[in-house]
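Structure first, then comments.
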Amino acid sequence: QSALTQPRSVSGSPGQSVTISCTGSSSDVGAYKYVSWYQHLPGKAPKLKIYDVTKRPSGVPDRFSGSKSGNTASLTISGLQAEDEADYFCCSFAGSYTWVFGGGTKVTVL
Amino acid sequence: QEQLVESGGGVVQPGRSLRLSCAASGFTLDSYNMNWVRQAPGKGLEWVALISYDGRNKHYGDSVKGRFTISRDVSKNTLYLQMNSLRTDDTAVYYCARIFGGYTIDSWGQGTLVTVSS
């Protein structure tokens, strides 16, 4: 099992919003502001969507947003589009040059 | 645009060795800390190893410590992972990844599959 817990799947219709949770511990998600989210398509390189809990890299639409409360971080995709269908995983810095990851969540656009 | 391309994966018997490579372009390895991360079949991602931008500091996950060695060749702008004493539970897709700002993995390769099997 993964260090960070994510739901296996979420789904929504085009235009709706979906939220993916990422639950860790007081040693990782709860301890640092360095939570990031990635979109991963099979056989492709993961793409950074959110970093430092809430920040978006250049080129990532503002439909993607992140938040954190305690040991749980969340990624929200608003105005869901067909192109958003993919696997998404979270990552947290865990101190001492280590990182931990979630198991991934499959987002399905109905 | 930065790019990372892994190579060197394949099928190897338990106890044998394998070296993975990660060719970087669009940036230089001596400016960034770099990671290796792996994903076993049906499992989540696992951080494997880190090398600092100056090559002086190396850190390893507990499951590979003493068996794997991370290194780089700045002249070739290539990152390596030497894997010795391979075990069946080392079977995974191995990704190289760039670290931004010290704490965020901002760029990944597409991965290379290592299968350890007799």
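Hydrogens, waters and symmetry mates play no part in the numbers below; they use all other heavy atoms, side chains included. Chain letters run A, B, ... following the sequence lines, proteins first, then strands; residues in each count from 1.
Clustering ILVMFWY residues whenever any of their side-chain heavy atoms sit less than 4.5 angstrom apart, transitively, puts F89(A) in a cluster other than the one holding V35(A). With hydrophobic clusters built from ILVMFWY side chains whose heavy atoms lie under 4.5 angstrom apart, L75(A) shares a cluster with V60(A). Residues L20(B) and Y95(B) are members of separate hydrophobic clusters, defined by side-chain heavy-atom contacts under 4.5 angstrom among Ile, Leu, Val, Met, Phe, Trp and Tyr. With hydrophobic clusters built from ILVMFWY side chains whose heavy atoms lie under 4.5 angstrom apart, Y97(A) shares a cluster with V37(B). Under the 4.5 Å side-chain contact rule for hydrophobic residues, L4(A) and F93(A) do not share a cluster.
R16(B) CZ: 12 or fewer foreign heavy atoms inside a 6.0 Å radius. Atom NZ of K58(B) has more than 12 neighbouring heavy atoms from other residues, nucleotides or ligands inside a 6.0 Å radius. Counted within 6.0 Å of CZ on F100(B), heavy atoms from surrounding residues, nucleotides or ligands total 12 or fewer; the atom is thus considered open.
With a 4.5 Å cut-off on non-hydrogen atoms, Y60(B) does not touch chain A at all. Neither the backbone nor the side chain of Y32(A) comes within contact range of chain B, judged by heavy atoms closer than 4.5 Å. In this structure, no portion of L4(B) lies under 4.5 Å from any heavy atom of chain A. Neither the backbone nor the side chain of V48(B) comes within contact range of chain A; no heavy atoms are under 4.5 Å apart. Residue contact with chain A, scored on non-hydrogen atoms closer than 4.5 Å, involves the side chain of L50(B) exclusively. E6(B) does not touch chain A: none of its heavy atoms, backbone or side chain, sits under 4.5 Å away. The contact between N35(B) and chain A is made entirely by side chain atoms (from C-beta outward), counting heavy-atom distances below 4.5 Å.
Interface with chain B: from residues 98-110 of chain A, residues T98(A), W99(A), F101(A), G102(A), G103(A) qualify, criterion being any non-hydrogen pair under 4.5 Å.
How far CD1 of I105(B) is from OH of Y38(A): 5.0 Å, rounded to the nearest 0.5 Å. Atom OH of Y103(B) sits about 4.5 Å away from atom OH of Y34(A), to the nearest 0.5 Å.
The choice from D106(B), L45(B), I99(B) that makes the most heavy-atom pairs within less than 4.5 Å of chain A is L45(B). Considering only heavy-atom pairs separated by less than 4.5 Å from chain B, the leading option among S36(A), A3(A), P57(A), P46(A) is P46(A).
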Below 3.5 Å, can you tabulate the donor-acceptor pairs from side chains in residues 108-118 of chain B to any protein atom, sequence neighbours excluded?
residue : atom : partner : partner atom : Å
T112(B) : OG1  : G9(B)   : N            : 3.1

